[in-house]
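Read through the structure below, which is laid out as structure tokens, and then see the notes.
Note that the numbering runs from 1 along the sequence shown for the chain. Order of listing sets the numbers, starting from 1, for every ligand and every atom in it.
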Amino acid sequence: MQVNGKEQRTIWLKPENPSVVQIIDQRFLPHKFVIEDLCTLEDVYIAIKDMHVRGAPLIGAAAGFGVYLGLLEGKGLETCINRLRESRPTARNLFWALELQLNALEQSKSGDLIAAALECAQRIAEIEYENCKKIGLYGLPLIEDLAKIKKGNPVNILTHCNAGWLACIDYGTATSPIYQAFDKGIDLHVWVDETRPRNQGASLTAWELGQHGIPHTVIVDNAGGHLMQHGMVDIVIVGSDRTTRNGDVANKIGTYLKALAAYDNNVPFYVALPSSTIDWNLTDGISQIPIEERDDTEVKYISGLVDDEIKQILLTPKHSHAANFAFDVTPARFVTGLITERGICDANESSMQGLFPMH
Ligand code: MRU
């Protein structure tokens, strides 16, 4: 996507030094555009764990590059894989990427492991790039159909968290159909959930959409139900961190409540995801998907710009406890459809297998 008129991805090899991986450090957005150099396995581990990079496809791609940097440092493959596996527990893409690296390196045992790891990391990023682009193509008709019904009025889309290009390599998952519809001239408007506690919607999605010139409005997380009751949302599109083979969807905390409100108000609720997010080993999301619990400081403090400096402000009484569940699970019965790189399917095993017969 474009940032200040320049083509930009979320992760890449430093052009003048291929033993360095560069990322956008997302902790500083929307106020500062900071590029960070990652030079070691530990740099990548920290970047994922502390959310310099975040979002399911990007976490996977970063882990792929982490293996490459670890091998460059002389660390063993097992050390690299084990360290990166510990970085975050929920997004399936992390484990998918590490499995790809393991297979690639096992197959080239006698060859140059570092070159093979770099090739695999770049392939992971390329797969996610292509898949997100295709998600946009398959999701586009949903917005086109709504535009016909709206007869010249903007299509109102609600999204939660950041399932945008910042969460991926490019395009995004939930945002990919939105970008493609906007680029085709469809009149649309996006309701952006702020997404407490880390405010990925307010900080990242709003910034992304703004860079692309897409009309959007940031709302507090609790506003969606009210908007749906009053006919102000035509479709909800969110991303996913892990989707089980029965169609249950783990995504940023609060997604489930949006799905309930959408169901009660007959608003279509779509989940956009590449197949790297599907965990074919799990049959039930609520009991089987590991839900990350993060530090309570993320709930107790809020970050923002004060006198041109990014500062943390305490919100709660200093000694109150806070709970910080990072994801929730939306049961498949509330999901209208899954938008994937192979098309749209129902959120159930047979429909998903129809698109992905190898599973
Ligand atoms: O905690 P985060 O910011 O990594 O969570 C991200 C999300 O929940 C996204 O909605 C999800 O990764 C979909 S990805 C395009």
Side-chain angles (χ1 to χ4, degrees), residues 1 10-11 23-27 29 47-63 87-97 125 127-129 131-136 139 158-179 192-205 207-208 221 236-243 249-259 269-279 285 289-295 298-299 303 324-330 335 338-341:
M1 305 302 283
T10 52
I11 190 162
I23 56 163
I24 303 167
D25 188 341
Q26 301 188 17
R27 294 171 305 163
L29 286 172
I48 297 174
K49 187 173 186 301
D50 294 345
M51 294 174 65
H52 310 192
V53 288
R54 26 69 48 206
L58 180 55
I59 292 172
S87 57
R88 291 192 74 187
T90 302
R92 167 68 192 149
N93 306 58
L94 171 71
F95 306 96
W96 168 84
I127 291 172
E128 295 297 37
Y129 171 90
N131 286 347
C132 286
K133 191 172 173 181
K134 288 181 193 153
I135 285 169
L158 185 142
T159 192
H160 190 68
C161 192
N162 173 259
W165 71 265
L166 287 168
C168 305
I169 306 303
D170 207 341
Y171 297 102
T173 54
T175 57
S176 188
I178 297 174
Y179 286 125
V192 178
D193 281 353
E194 64 175 347
T195 320
R196 279 282 290 149
R198 288 186 67 111
N199 294 307
Q200 290 95 327
S203 310
L204 305 177
T205 306
W207 179 80
E208 265 197 54
D221 290 326
V236 179
I237 313 180
V238 297
S240 173
D241 291 85
R242 197 185 291 229
T243 294
V249 169
N251 192 48
K252 182 52 56 194
I253 191 81
T255 302
Y256 171 47
L257 294 179
K258 293 300 133 68
F269 182 94
Y270 281 89
V271 181
L273 69 156
S275 54
S276 48
T277 300
I278 303 174
D279 191 337
I289 295 178
I291 298 294
E292 179 178 21
E293 290 180 48
R294 295 185 62 84
D295 202 278
E298 292 183 350
V299 176
S303 153
N324 189 3
F325 297 95
F327 300 95
D328 61 22
V329 175
T330 299
V335 177
L338 304 174
I339 312 170
T340 77
E341 74 269 19

- [ ] Write out the residue and atom name of the closest protein heavy atom to atom 7 (C) of ligand 1, then the distance separating them to 0.1 Å.
- [x] D241 OD1, 3.3 Å
Open item on the list: Test side chain to side chain contact (heavy atoms under 4.5 Å, CB included) on W96 and I127; report intermediate values, then the result.
Closed with: CA-CA 12 Å; W96 168 84; I127 291 172; 4.1 Å; yes
Open item on the list: Using a 4.0 Å heavy-atom cut-off, which part of K252 comes near ligand 1: side chain, backbone, both, or neither?
Closed with: both
TODO: Give a yes/no on ligand 1: does N162 have at least one heavy atom closer than 4.0 angstrom to it?
DONE: yes
Open item on the list: For Q26 and R54, which I'm curious about, is there any donor-acceptor pair between the side chains at under 3.5 Å?
Closed with: yes
Open item on the list: Test of understanding: given a 4.0 Å heavy-atom threshold, classify the contact between P57 and ligand 1 as side chain, backbone, both, or neither.
Closed with: side chain
Open item on the list: Tell me the protein heavy atom at minimum distance from atom 10 (O) of ligand 1, and give that distance in Å.
Closed with: N251 OD1, 2.7 Å
TODO: Just jot down the ligand 1 atoms closer than 4.0 angstrom to any heavy atom of Q200, in number order.
DONE: 1 (O), 2 (P), 3 (O)
Task: Residue-ligand contact R88/ligand 1, heavy atom below 4.0 Å - done: yes
Task: Side-chain ion pair, D279 and R242, N-O less than 4.0 Å - done: yes
Open item on the list: Would the distance check show the side chain of T10 and the main-chain N or O of C168 forming a donor-acceptor pair, the cut-off being under 3.5 Å?
Closed with: yes
TODO: Please name the pair of heavy atoms, one in F327 and one in I291, separated by the smallest distance, quoted to 0.1 Å.
DONE: O-CG2, 3.3 Å
TODO: State the CD-CD distance between Q200 and E208, to the nearest 0.5 angstrom.
DONE: 12.0 Å
Open item on the list: Tell me whether K134 contacts the main-chain N or O of P274 through its side chain, where contact means a donor paired with an acceptor under 3.5 Å.
Closed with: no
TODO: May I ask whether M51 places a heavy atom under 4.0 Å from ligand 1?
DONE: yes
TODO: Output the list of atoms in ligand 1 that are nearer than 4.0 Å to some heavy atom of G239, sorted by atom number.
DONE: 13 (C)
Open item on the list: Checking the N or O distance criterion of under 3.5 Å, is ligand 1 in contact with G164?
Closed with: no
Open item on the list: For atom 15 (C) of ligand 1, what is the closest protein heavy atom, and at what distance to 0.1 Å?
Closed with: T173 OG1, 3.0 Å
Open item on the list: Check whether K49 reaches the backbone of R88 with its side chain - one donor and one acceptor, N or O, closer than 3.5 Å.
Closed with: no
Task: F327-ligand 1 polar pair, N/O distance under 3.5 Å - done: no
Open item on the list: Pairing donors with acceptors under 3.5 angstrom, does anything connect the side chains of T205 and N162?
Closed with: yes
Task: Best match, R92, R242, Q26, R54: closest heavy atom to atom 6 (C) of ligand 1 - done: R54
TODO: May I ask whether S240 places a heavy atom under 4.0 Å from ligand 1?
DONE: yes
Task: Salt bridge present between R294 and E292 (N-O < 4.0 angstrom) - done: yes
TODO: For ligand 1, indicate whether the residue C161 contacts it via side chain, backbone, both or neither (heavy-atom separation under 4.0 Å).
DONE: side chain
